[in-house]
Structure formats: structure tokens, C-alpha cells
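First comes the structure, then the notes that go with it.
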Amino acid sequence: MSRNDAAPGTVTAPPGRIRRLLSLLYVQCLIGVLAGAAVGWLWPSFGAELKPLGDGFIALVRMMIAPVIFCTVVHGIASMGNARAVGRVSLKALIYFEVLTTVAMVIGLVVVNVVQPGSGLHVDPSTLSTKGLPPEATDSHESFSAFVLAMIPDTLLSALTGHEILPVLLVSVLFGFGLNASGDAGAGITQGVEKLSRILFTLIRWIMRLAPIGAFGSMAFTIGNYGLDTLRHLFLLVGSFWLTALFFVLVVLGTVMRINGLRLLPFLRYMKEELLIVLGTSSSEPVLPRMMAKLEHAGASKPVVGITLPAGYSFNLDGTAIYLTMGSVFLAQALGIDLSLTQQLSMLAVMLLTSKGAAGVTGSGFVALAATLSAVPHVPVAALALIFGIDRFMSEARALTSVVGNGVATLAVAKWEGQLDEERAKAVLRGEIPYCAAPGADDTPEPQAASGPGMKPVEADSAVAAGTDRDPVAAVG
């Protein structure tokens, strides 16, 4: 039967529209996530063997993170008129991070005490063992001073070959200051760094075409290896955690966006591709380069994006903050340990330290929880065995919440610093200025970020050179 011979009442989508829809990265990622979940559910053993697909994709993106951060931060700082602005941006970002992290922890603490998902389990502590837990959960955890010293790499180049973000950020800031202070001598290098960033974002655009495969493999592994049955046993904890994370995003982060003259839902639609990638891979690392480019495209200046967003990956993990308070109190409830308000607040103070540096990789929140339990005497580390099986199902919520939180933080700091083009940001979030994939495209106007004290307007050229396919059904206001 031809298309014109379709039965009366049958609605057929034009083939061209279907092809265009299937060419969009967020649609491909959604298909990958759903297909992976189906494979993991129907063929668990086969799905568990697909883990290398997700790991390989994450590894490909991770190898690009250090050079992208280096180029973005160096070029941004070298373009500033006053290097003091870096310290001002950093201070505002750190204050914001601490305030929002504390708010997230308090919300998690309130919810877990009201819902009490662990009450009634009556687990005997003597039956628990650390056997079966990952080694990083039972290893001794570094002190805060060791964490600070670990920010300093052995050599200038070793920061770019490691897996930590903070050493890269430190080296990038120092190198950017050096170019800024060198005047004409550093101008050529600054231009070279900017051109290198264009090449890197082109490579990232190619790598991101593999995102649906990575999401498929990771989701198939999660469902196939852990199974949906584990959710039934501890559904109250998983469900309350997801709802708490959703409340934090919609209410707290939504309020922050409103205060800064923007709306959260259009921002979530603008970042839908990144959010689906995070959902599929349970990691926020793969979307870091794309988020930097998209935030620049939305009107935030390159220096603010380059400093705030990477720093947020270590200092502003809102999802992990909620998980730490809810997870630790849940374990205490399950063991029948009655924690006083003072003891819970003391644990919260420890969590403000242990949550720092938990990179956006899968399972980092679980390790941060282990570090918290090791630092306080109230709950034994062996209790982690109770939630190890369901941790993966909470990992997606941790990563999604932290990704949205860092995007909102970057826009907020840019607004407070006078480095956000508000009119462009609103137009981008309404879908009037689509995010363009073509390197060097001349049809996307560059944002003219307002100059804060001592700062030059900085173009978002890498955003134009970066990214994804033009999305004809992108976010609308």
C-alpha cells in the first residue's frame, strides 16, 4: 500500500520529518537508553556484557576534558583586561557552591527524617561485612589537607595527562595569568590556544555521535547486572531520593534562575541532549565540554564558564550532597541507631568536606559516603553493603542534579559578575538562536557579554565552533 493509499483516519508522518527527528542527538540518546533498558531486562547476562560500550564512550570524552578546560580557561583569562576578575569570579563561585551544597544537604536531611525509609528493617550490625564492597569504599580516605595538596600536579604537563579536574584548572589559571601578564609576547600563543580549542570542539562533536551507543551499553549493563528486583526491596529509599532531587532542581534551582531573570524549564529543554547522555551513562563527565560550549552560546562569557563550570564538578555536587545525608541517615535507621540532631549536624559538617573532589564519574557518590562513615563513629562502614546493590539506580539522579546545578551556577555567577548577555540568554532558551554545529558558522550572532569591573567583553567563539546538530525542535520559551 502506498502512502497515498493509507486507510482513512490513518495518520502518517512524512518520511523527511522522521529522518530529521532521528538525526537529532537527543532522540538517538533516548532510543539508546530505552533499548539498553529493554536488553538488560530481557537478556540480563548479555546486557551485563555491554558495559565496555559505555566505558569506551566515557573514556573517549574524558581524554578531551583536560585540553578543553585548559584552552577555555587560558584563552578566557588571557582575554581579560584585569586579572583580579579571576579571583572575584572564583570567590563568588565558591560562596555559591557552599551555600547551595548546604541547602541540598539540609533538604536531604529533612526528607530522610520525615519519610524514614530505613525504619523497620531491623538489620543486625553483626551480620554485616565489608566483603563484596569495592576496594575504594574500604580504603583509607585522604584528609582535607591531602585533598588540597593533590590539586598541585607533579609537573605542568602531568596535570593534562591525569584524571583530576582541579589540577588542570590550577595549571590553566596560572598559565592564563602568565599570558595575560606577557602582553604582546603572549598574544600569538593566546590566538593559538583559541584555534586549538576550535579543533578540540570539532573532535568532541565527532565523539558525541557515539553517545547513543554509550548510553545503550551503560543502561543495558545497569539493568542486566543489578536487575529491577533490587529496586523493590529498597524502593522507598530510591523513590524518596529521586523525588528529593527533583524537588531541589525544580524549587531551589528554579528559584535561583528566577532571581537571575531566567526560567528553569527552558534551560532544561536547552540541555536535554546532555541530560539524556548523563541519564544513560550515570556520569556527568561526558557532557562537560558540551556544557561549556552551550553556556557560552547562551551568553555567558568564556572566563566565567571556564572557571565556574569545571570548579563546580568538584565543589558543587548537589546530587551527591543530597545522597550523603539521605544515605547515611537511612543506614542508621536500618541498623536501629538513633542519631540525635547534634550527631546529624556533625555528620553534615563532615560531608561538606568529603563531598568535595568527588568527580562526576559513576560511583563517586558511594565512595564519598564511605569516606563520611569512616570519618564519624556513628554508623559502621560495613553498613554500605545494604545499599550497594541499589546505588547505581541513584547514581543517575546524583549526576543529573549535579549537572543541572552546575549549569545554573555558571549562569548565576555570570549574571552577578556582569558577564551574561541576558537578552541573548533568553533568546537562546526560547529556541530563537539555535545551537549550531557547523564550525565557523556565521549565522549565529556572538554574544556581547556585558563588561564587569575590570573585564573585557569576551566572545563565545568556541560555542559556535562546538557542539551538536542544529535542532529544529529545540527548546521553546
Side-chain angles (χ1 to χ4, degrees), residues 61 63-83 85-86 89-90 156-157 159-161 165 168-208 288-311 410 413-414 417 419-421 424 428 433 435-452 454-468:
V61 179
M63 76 177 183
M64 305 295 297
I65 289 178
V68 165
I69 292 177
F70 179 80
C71 291
T72 303
V73 175
V74 167
H75 183 259
I77 294 177
S79 303
M80 286 183 176
N82 182 1
V86 177
V89 170
S90 301
L156 192 69
L157 296 179
L160 302 180
T161 59
I165 292 178
V168 180
L169 195 57
L170 175 64
V171 168
S172 303
V173 169
L174 292 176
F175 198 83
F177 276 138
L179 289 181
N180 190 297
S182 299
D184 294 338
I189 298 178
T190 302
Q191 293 177 1
V193 168
E194 188 273 330
K195 292 178 180 178
L196 177 60
S197 69
R198 288 178 176 265
I199 298 174
L200 293 175
F201 276 112
T202 299
L203 296 178
I204 288 172
R205 191 180 73 251
W206 294 347
I207 293 173
M208 294 311 295
L288 174 57
R290 283 171 53 93
M291 284 194 65
M292 295 175 74
K294 276 197 165 183
L295 289 169
E296 289 178 36
H297 178 72
S301 72
K302 180 176 289 187
V304 174
V305 173
I307 294 171
T308 306
L309 190 61
T410 303
V413 173
E417 189 62 19
Q419 288 287 298
L420 176 66
D421 187 335
R424 178 182 174 89
V428 168
I433 308 178
Y435 184 59
C436 185
D442 55 5
D443 59 341
T444 303
E446 293 183 350
Q448 298 298 319
S451 297
M455 298 183 74
K456 297 177 181 178
V458 181
E459 72 281 358
D461 44 11
S462 64
V464 178
T468 63

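Numbers for residues simply follow the sequence, beginning at 1. Fair warning: this is a prediction, and the values are worked out from it, not measured in the lab.
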request  = On the 0 to 90° scale, with breaks at 30° and 60°, tag the Phe70-Phe175 ring pair as parallel, tilted or perpendicular.
outcome  = tilted

query = Is there a side-chain contact between Val168 and Pro310, using heavy atoms and a 4.5 Å cut-off?
reply = no

message = On a heavy-atom basis, which atom in Leu420 and which in Ala300 lie closest, and how many Å separate them?
response = CD1-N, 3.7 Å

Distance in Å, Ile207 CD1 paired with Met64 CE, rounded so as to fall on 0.5 Å steps = 5.0 Å

inquiry  = Could you measure the distance from the OG atom of Ser197 to the CE atom of Met292? Nearest 0.5 Å is fine.
reply    = 9.5 Å

ask   = Can you check whether Val413 reaches Gln419 side chain to side chain, under 4.5 Å on heavy atoms?
value = no

task = Quick one: closest heavy-atom pair of Leu200 and Cys71, and the distance?
result = CD1-SG, 3.7 Å

request  = Using side-chain contact (heavy atoms from CB on, under 4.5 Å) as the criterion, list what pairs up with Leu174, not counting sequence neighbours.
outcome  = Leu170

query = Is there side-chain contact between Arg205 and Thr202, with heavy atoms separated by less than 4.5 Å?
reply = yes

task = Report yes if some heavy atom in the side chain of Lys294 is under 4.5 Å from a heavy atom in the side chain of Val428; otherwise report no.
result = no

request  = Give the intermediate values and the outcome of side chain to side chain contact (heavy atoms under 4.5 Å, CB included) for residues Thr308 and Glu417.
outcome  = CA-CA 12 Å; Thr308 306; Glu417 189 62 19; over 6 Å; no

message = So does His297 get a backbone contact from the side chain of Arg424, meaning a donor-acceptor N/O pair under 3.5 Å?
response = yes

Atom pair CD/CG of Glu296 and Asp421 - distance to nearest 0.5 Å = 13.5 Å

